[in-house]
Amino acid sequence: MPDDNPKTELLDELENGPWPSFVKEVKLAAQTSASAQDLLRQLELSYQEKKGHWKHGGLVGVLGYGGGVIGRYSDAGEQFPNVAHFHTIRVNQPAGWFYTSDALRTICDIWERHGSGLTNMHGSTGDLILLGTRTAELEPTFQELAQAGFDLGGSGSSFRTPSCCVGMARCEWACYDAMKLCYDLTMAYQDEMHRPPFPYKFKLKCAACPNDCVAAIARADLSIIGTWKDEIQVDESAVKTYVSSGLNIQKDVCDLCPTKCMAWDGHKLSIENHECVRCMHCINVMPQALRPGKERGAVIMIGGKAPIMQGALLSSVLIPFVAADELLDTVKELLRRIWDFWDEYGNNRERIGELIQRVGLPAFLDGIGLEPVPEMISAPRDNPYIFYQARKDGEK
Amino acid sequence: MPDDNPKTELLDELENGPWPSFVKEVKLAAQTSASAQDLLRQLELSYQEKKGHWKHGGLVGVLGYGGGVIGRYSDAGEQFPNVAHFHTIRVNQPAGWFYTSDALRTICDIWERHGSGLTNMHGSTGDLILLGTRTAELEPTFQELAQAGFDLGGSGSSFRTPSCCVGMARCEWACYDAMKLCYDLTMAYQDEMHRPPFPYKFKLKCAACPNDCVAAIARADLSIIGTWKDEIQVDESAVKTYVSSGLNIQKDVCDLCPTKCMAWDGHKLSIENHECVRCMHCINVMPQALRPGKERGAVIMIGGKAPIMQGALLSSVLIPFVAADELLDTVKELLRRIWDFWDEYGNNRERIGELIQRVGLPAFLDGIGLEPVPEMISAPRDNPYIFYQARKDGEK
Amino acid sequence: MTASAEPRLTDIGPPHYEKYLHPLIKKNYGQWRYHENLAPGVYCHIAESGDRIYTVRAGTPRLLSIQTLRIFAGLADKYSGGYLRFTSRNNLEFLLDDPARIEPLKRELIALGYPVGGTNNAISNIVHTQGWIHCHSSATDASGLVKCVMDAVYDRFTHEDLPAKLRIAVACCLNMCGAVHCSDIAILGVHRLPPKIQPTLTKVCEVPTLIAACPTGAIRPATVDGKNSVAVVEQQCMYCGNCYTVCSAMPMNDADNDGLSIWVGGKVSNARSAPKFSKLAIPFLPNHPPRWPEVVEAVVKIVEVYAQHARKYERVGEWIERIGWPRFFQLTGFEFTRYHIDDFKHAALTYARSAHVRY
Amino acid sequence: MTASAEPRLTDIGPPHYEKYLHPLIKKNYGQWRYHENLAPGVYCHIAESGDRIYTVRAGTPRLLSIQTLRIFAGLADKYSGGYLRFTSRNNLEFLLDDPARIEPLKRELIALGYPVGGTNNAISNIVHTQGWIHCHSSATDASGLVKCVMDAVYDRFTHEDLPAKLRIAVACCLNMCGAVHCSDIAILGVHRLPPKIQPTLTKVCEVPTLIAACPTGAIRPATVDGKNSVAVVEQQCMYCGNCYTVCSAMPMNDADNDGLSIWVGGKVSNARSAPKFSKLAIPFLPNHPPRWPEVVEAVVKIVEVYAQHARKYERVGEWIERIGWPRFFQLTGFEFTRYHIDDFKHAALTYARSAHVRY
Ligand code: SRM
Ligand code: SRM
Ligand code: SRM
Ligand code: SRM
Ligand code: SF4
Ligand code: SF4
Ligand code: SF4
Ligand code: SF4
Ligand code: SF4
Ligand code: SF4
Ligand code: SF4
Ligand code: SF4
């Protein structure tokens, strides 16, 4: 039990202002946790010195797992002994971040016994993060979590904890069951998640429509983005209701449609569906009147990531459309081939998107056995540097 | 004088069809020129074999010049002795490609005496090309041309023959005097044109408005593209005439304006001129009603080129606006600085655009003493790989 | 209770989400028809069946103590049958089947200091990272920056009066954990000195891996005291810190030279325009805890200029593309510098390759 | 007459253009007010002064004999006071002050075999290169291709009924003399075998320059008969021919494997959209002189599909960007192959980086 209150003049300043304060949270935890107390102290020092005080993480973890824990040591361990070790545990969140009050309390109780009492709800990848404990507490925490039905998420060169948008649970636009797919894939790759087998991390995110509420396209090596193939469902009378209640449908819908494939003649909204790129804008503006079509599924995209080291990448189209009921099998087969290729050709610490850049998309497609289709590209090459393979003899 | 008619079964086929035939031209020349005859024969062989018969050019030229002639030898010189040498002479065209019948005849007479009698009107760079003669004829041809007031153009690692659109001579949109600027710059750099001083070729083209009728932006190391700074000149009544004679001004003008800065309310055309990007479209559609503004000049762009070797480049903005009467001095000062930088840092066979790519535009701007302005870029960097120069001590 | 008595469990995976779904959600799963915004932070989804589920959203600092989590659990028990969730941007959502409970819940949340809002055309919670709380790489703190910025734009969370959604992200180093590279406004911690090579290097790091880790090839092999080590060509270093990620003997931290950069115009959704990367707005601002006034001022400036000039439904990046970057710099008053001009791999494609110029 | 008697002249530069300007042009230089299209190939510029200059444009094969040039000179004397010019696309223009002479001139031109047209929304003359007529690098002929294509689209030259201007270019090798890289439709000669290294190499070429000339680094130093020479890593060669440009002992020509590729959607003007590069439409067609039927068919196909589907004022590239590349391949029936996918430096930026898909 802490014996004195940390002096945190700079941090105290961050208890002012209307937005809820993380300092207040650390202080709350510090009422019962010595490590939270020392965290406050060390953080105050960082605020004074404008400098972090954490050392390069060491390899710590739980028995038989190669990930799920981020090791962390203080470089001022003598000054702040209770954060000399301060490892975080990544707990695989329930799909869609749904909880019951009981589930939350179970986590709190375990973490009260074994750690700092601080959490992140949630980490950027999606995990429930238990923020800070000592090496000796890792295994017991893990086992208590497991008994309560929770397992660790990914870290290191592993299949990272997949995440998904709320999808069918509470969204009318879900084009496939993102929570189920996310759960099924998570279960299918427990081994790849817990025993890092890859050249580098591999992230997967499921967004059930092109609004991409889980930022998959920017942050996932494989993004599964819901979409539809047939026509936008239109409720004419609801369109009229929007218009009569003040929507400027020409300006706010038709003019903003990226392909200008919608027209409003004052009475009827017409959509050239074969020109529609499924951007969602019109549907977003008039949810009561327009809905995605009925033939639903997803576009599979590959290669999103942050800048290190060849520059950030946005995911790009790999399969333009997979029907909803074929998604699980297709993605699993695809992952098998992608990972085989990566395993064979990927450099150490080379994300799949960077590998594709290095070897070229055509070579990657050959490698995983996919035919090239024009939907994969925004435009064909503009340089004439073509690696022709066919020769005269080969050709005829 | 030729003694027998070449057999050209394949080429003869190209005398059919409505488009004027180059084969007919070669045959015309062959009536009086033995080299044109052998050219026909060698070309027929190429058509049969699907293969050219020219050897890698040798260094030939006129006294004291390092360019202006493209040396060319046949690899079938024994078979076709009259094209064993077949060098072309690049003659600097008059600005805007204007001629009188007398000037043309003068050229014809000289070329009848000294060469194949074949020409290109004109080469892609802009030169009047005298197509094919022997080494011994080069100097006499050159001197006769000079006496007639013509000089050679550029080749090799030199300042290449500048070219320009018809501009003020016959176009209402000319925002500066492109023919004069082109002529003045040609005269200013005779030395750089005739005695190759650079790491590689340097091309300059003048287009007097953004329609760029001389394809400068794609093909010139320095492009001078006319534009204006103030408001588009509008003749309201002429606008109405267009509309009443059937122009769909909303669809064909306003909707196609790239910044949508034009509005037509059924009576009046209004333009938000500070949003206009001077694309010319509206002016092109209604030349009688709209005209470029009165404060005229040019945007100076740099770096256009074909793909060899780092990929094709489009020119990009270097100076967003130079007033028409300052163009000559500004361009000359700019060229001095650019060439100095290129001389110092350019690799062998590295175009200026490729050098800028390699060292980075900021370093290039430093080198030539220009301040960066946002008009130079389509968007700021999206990668965080910033070479910060200022350090704490340097800063305060 | 301890776990020691039980058989050791591994690879069980996360709990099945169905266990945590409100019965009304389970019943109408995949059968939602449309939604309505009732107020900032409150929305309602209507099922084909006619059922309605009400969501109340509250902002959190993401870094939460178990004490606070228990309070949330208590609120859930009291108002939403014990059902709650977190969003992809670390907000808290209570799922109610009784609209009468919305106002009492809102009142209690606000009284506890948790603002209700973040929906629709609001500034939602800031996606962020560890900073000095837990990471070795950080050039700045993350939670502190978030607190300061959200204090300043608080009314934009509780109101929905922006032209469109506005997403802010913070990352404390170039690894960009989170979504800094695709956010309407992003705050990014940066270093400005090359790594300081430590003598321990020869012991703790693998030299070939280290050399391969540098995106610009700034790291060269060198022999130090007869051992294989490295040297850094300073002019080639752009301070990305990737060498430090793979080798602890290459620390980057420097209190005087670390600081912040500001990025704008990224987006993730496919709505209207394609997803976009964030672009550099301000290359460097000083690291001034605890309140980072320069950073807050810059963000507020962007938000206000955007709010004033953008058209309805225009995200920050869409707005800037319409008006052009020169005008963005004019309107914000931010200085345009050499640093804004890309000089990495695809730099040439960012040059202004047309004569389209505004004056 | 020979030049020998005169003092040697150098660096005199081109003749001053003013010498060649029609008096009416000299008078109204820079004072033009607007223009009118009178008919395909005929336009009229009206000066502030009210003066009018009439232009009659005719197509030429660019490769012209002095015999033909003298005919042109004669026509100029007869109809335009001796004044004529050539355009940036190798057309011939007569400048008339008397509209009554337009029709007689047209008639005479057409009778001589020179079509009048190429203005406005027509297919103008094809910008092209030397080919087998004069260049050592060529993978094909240029003049012959131009003749075949223009024969096939002749009516598009003499009529102005396309949605917008359509510019075609031909280049006989990857050096792309001309404007192939920014044309609505471009025909490009290509090699498909690596250079055949000649034994003379050690004598005639500088090895370091040669190695530096390869964009993909496919050329490696090698020792041949004890001398410094090179070897080509065949899988890394994409047949650009740059090695041959710097070293005559690396010829690329191969009758069986040389051929043509077709590119579309480039433009140069800043009208509406920014200038664009041409993009690959067909990676390879066989070299079939004298009529190149496959090439002609492909070009005609593109022109016809474009004419049928594009909207008014839409250049080829603007049209394709509107409908999307997948539809372009559907409409033309061209096969989409691995070659269409960029794999050079900026390849990743050409991938489809959004979920915007048409079905
Ligand atoms: C905890 C978390 C930030 C947070 O506060 O939320 C985090 C923290 C770290 N990330 Fe991250 N990353 C976290 C999500 C991300 C994301 C976002 C995402 O996954 O959606 C990204 C961008 C997307 C991506 O992966 O590209 C991200 C991109 C990186 C990178 C750069 C990877 C790249 O290829 O560019 C690194 C560097 C590395 O892997 O060596 C990195 C490395 C790290 C390390 C392990 C530091 C290191 O150098 O080894 C950080 C440990 C901090 C600590 O002490 O706890 N982290 N990291 C996030 C994981 C929580 C969770 O499991 O839910
Ligand atoms: C004659 C001409 C083609 C024509 O039929 O019109 C031509 C012909 C040659 N060009 Fe070109 N280029 C010609 C205009 C161009 C243009 C267009 C322009 O200048 O507007 C370009 C594209 C723009 C550019 O410069 O980037 C062009 C890009 C090249 C290149 C590639 C340069 C690059 O940086 O990508 C080469 C290769 C080289 O320089 O080594 C080249 C090289 C050549 C050589 C000298 C062949 C060689 O490998 O050395 C050709 C000599 C042919 C011959 O035997 O006569 N030529 N060349 C054009 C010059 C005529 C004139 O002076 O008016
Ligand atoms: C004569 C010539 C200039 C010269 O100095 O030789 C010229 C002359 C005119 N051009 Fe051009 N352009 C000429 C080459 C070009 C080029 C360069 C090229 O084709 O290589 C371009 C850029 C092409 C590109 O973008 O790829 C060009 C893009 C334009 C445009 C923009 C068209 C567009 O919508 O993209 C206009 C405006 C228009 O036509 O509405 C234009 C308009 C004009 C006008 C109407 C200007 C005027 O008011 O006098 C002239 C009559 C054009 C006509 O053909 O109807 N001119 N014009 C060139 C004739 C070439 C030929 O024989 O066909
Ligand atoms: C709850 C959440 C999903 C989840 O599983 O957690 C969610 C839920 C909804 N989103 Fe979202 N979005 C959520 C994160 C996102 C994200 C991801 C992010 O911010 O990191 C995006 C992409 C942002 C981007 O582009 O940078 C996102 C882009 C959208 C859009 C597209 C907006 C646009 O015009 O670009 C819509 C449509 C709209 O709002 O009109 C949308 C619409 C919606 C709707 C209206 C869908 C529905 O019918 O239920 C939901 C209520 C939104 C609201 O806040 O008003 N949602 N939404 C996420 C709430 C985050 C938060 O707490 O603020
Ligand atoms: S991504 Fe689409 S389906 Fe998923 S929550 Fe967002 S709007 Fe709904
Ligand atoms: S979804 Fe997007 S592209 Fe499709 S019709 Fe609606 S606004 Fe247009
Ligand atoms: S570039 Fe402009 S000024 Fe020059 S001829 Fe073309 S339209 Fe006229
Ligand atoms: S010149 Fe172009 S950008 Fe300017 S108003 Fe006309 S159409 Fe619009
Ligand atoms: S952004 Fe950098 S400093 Fe911040 S948590 Fe991620 S790796 Fe650590
Ligand atoms: S900080 Fe980045 S650029 Fe600098 S040496 Fe390290 S890896 Fe290289
Ligand atoms: S394109 Fe190639 S082959 Fe044709 S003229 Fe130019 S350099 Fe010669
Ligand atoms: S043809 Fe091009 S790619 Fe092939 S070896 Fe020669 S320079 Fe290299």
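So you know, we letter chains A, B, ... as the sequences are listed, proteins then strands, and number each from 1.
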Exercise. Based on non-hydrogen pairs under 4.5 Å, which of Leu256(B), Leu63(B), Leu145(B) is most in contact with chain D?
Worked result: Leu63(B)

Exercise. Checking Asp191(B) against chain D: side chain, backbone, both or neither under 4.5 Å from a heavy atom?
Worked result: backbone

Exercise. Between Arg278(B) and Asn270(D), do the side chains contain an N or O donor and an N or O acceptor separated by less than 3.5 Å?
Worked result: no

Exercise. Hey, which of Ala216(B), Gly311(B), Ala169(B) has the most heavy atom pairs under 4.5 Å with chain D?
Worked result: Ala169(B)

For this session: For the residue pair Lys147(D) and Ser21(B), establish whether any side-chain heavy-atom pair is separated by less than 4.5 Å.
Result: yes

Exercise. Between Arg349(B) and chain D, which part of the residue has a heavy atom less than 4.5 Å away: side chain, backbone, both or neither?
Worked result: side chain

Problem set entry | Residue pair Arg195(B) / Thr10(D): nearest heavy atoms and the distance that separates them | NH2-OG1, 4.4 Å

Problem set entry | Per-residue contact mode, Cys172(D) against chain B (heavy atom under 4.5 angstrom) | neither

For this session: List the steps, then state whether side chain to side chain donor-acceptor pair (under 3.5 Å) holds for Asp235(B) with Tyr34(D).
Result: CA-CA 12 Å; Asp235(B) 175 341; Tyr34(D) 67 97; over 6 Å; no

Exercise. Under a 4.5 Å heavy-atom cutoff, which of Ile46(D), Ile133(D), Thr87(D), Leu92(D) has the most pairs with chain B?
Worked result: Ile133(D)

Exercise. Checking heavy atoms, do the side chain of Leu314(B), its backbone, both or neither come under 4.5 Å from chain D?
Worked result: both

Exercise. For Asp212(B) and Ser269(D), does a side-chain donor sit closer than 3.5 Å to a side-chain acceptor?
Worked result: no

Problem set entry | Contact check, side chains of His136(D) and Lys55(B), non-hydrogen atoms, under 4.5 Å | no

Problem set entry | Contacting moiety of Asn348(B), where chain D heavy atoms sit under 4.5 Å | side chain

Seminar exercise, completed: salt bridge (Lys or Arg N to Asp or Glu O under 4.0 Å) with Asp252(B): of Arg272(D), Lys312(D), Arg311(D), only one passes, and it is Lys312(D)

Exercise. Considering residues at least two apart in sequence or located in another chain, which fulfil the side-chain contact (heavy atoms from CB on, under 4.5 Å) criterion with Gln67(D)?
Worked result: Leu28(B), Ala29(B), Thr32(B), Ser65(D)

For this session: Can you tell which part of Thr186(B) gets under 4.5 Å to a heavy atom of chain D, answering side chain, backbone, both or neither?
Result: side chain

For this session: Counting only heavy atoms closer than 4.5 Å, note whether Cys182(D) contacts chain B via side chain, backbone, both or neither.
Result: side chain

Exercise. Is the centre of the Phe344(D) ring less than 6.0 Å from the centre of the His346(D) ring?
Worked result: no

Exercise. Can a donor-acceptor pair be found between the side chains of Gln130(D) and Ser138(D) at a distance below 3.5 Å?
Worked result: no

For this session: Select, from Thr140(D), Asp254(D), Asp151(D), the one with the greatest count of heavy-atom pairs under 4.5 Å involving chain B.
Result: Asp151(D)

Seminar exercise, completed: Cut-off 4.5 Å, heavy atoms of chain D, and the answer for Met280(B) is neither

Problem set entry | chain D contact via Leu313(B) - side chain, backbone, both or neither, heavy atoms under 4.5 Å | backbone

For this session: Return the option, out of Glu13(B), Lys51(B), Arg72(B), with the maximum number of heavy-atom pairs under 4.5 Å with chain D.
Result: Arg72(B)

Problem set entry | Largest heavy-atom contact set with chain D, pairs under 4.5 Å, which of Ile308(B), Ile110(B), Leu11(B), Asn120(B) | Asn120(B)

Exercise. Considering only the SG atoms, does Cys257(B) lie under 2.5 Å from Cys279(B)?
Worked result: no

Problem set entry | Contact origin within Leu10(B) toward chain D - heavy atom pairs under 4.5 Å | both

For this session: Measure Tyr73(B) against the heavy atoms of chain D and call it side chain, backbone, both or neither at under 4.5 Å.
Result: neither

For this session: Determine, using ring centers only, whether Trp54(B) and His134(D) are less than 6.0 Å apart.
Result: yes

For this session: Under 4.5 Å heavy-atom distance to chain B, tell me which part of Asn90(D) shows up: side chain, backbone, both or neither.
Result: both

For this session: Pick whichever of Met187(B), Met179(B), Arg219(B), His194(B) has the most heavy-atom pairs under 4.5 Å with chain D.
Result: Met179(B)

Exercise. Which region of Val83(B), side chain (C-beta onward) or backbone (N, CA, C, O), has a non-hydrogen atom less than 4.5 Å from a non-hydrogen atom of chain D, or is it both or neither?
Worked result: neither

For this session: Using a cut-off of under 4.5 Å on heavy-atom pairs, state which of Asn284(B), Val166(B), Leu152(B), Leu39(B) scores highest against chain D.
Result: Val166(B)

Exercise. Strictly under 6.0 Å, is that where the ring centroids of Tyr83(D) and Tyr99(B) end up?
Worked result: no

Exercise. With a 4.5 angstrom heavy-atom cut-off, which part of Asp75(B) approaches chain D: side chain, backbone, both or neither?
Worked result: neither

Problem set entry | Pair Tyr43(D), Glu93(D): side-chain N/O donor-acceptor within cut-off below 3.5 Å | yes

Exercise. In terms of side-chain heavy atoms, does Tyr114(D) have a donor or acceptor partner in Asn91(D) at a distance below 3.5 Å?
Worked result: no

For this session: Check each atom of Lys180(B) against the heavy atoms of chain D and say whether the ones under 4.5 Å are side chain, backbone, both or neither.
Result: both

For this session: Let me know if Leu118(B) has heavy atoms under 4.5 Å from chain D in its side chain, its backbone, both or neither.
Result: both

For this session: Check whether Ala215(B) gets within reach of chain D through its side chain, its backbone, both or neither, counting any heavy atom under 4.5 Å.
Result: both

Exercise. Among Asn287(D), Asp77(D), Leu75(D), which has the most heavy-atom pairs under 4.5 Å with chain B?
Worked result: Asp77(D)

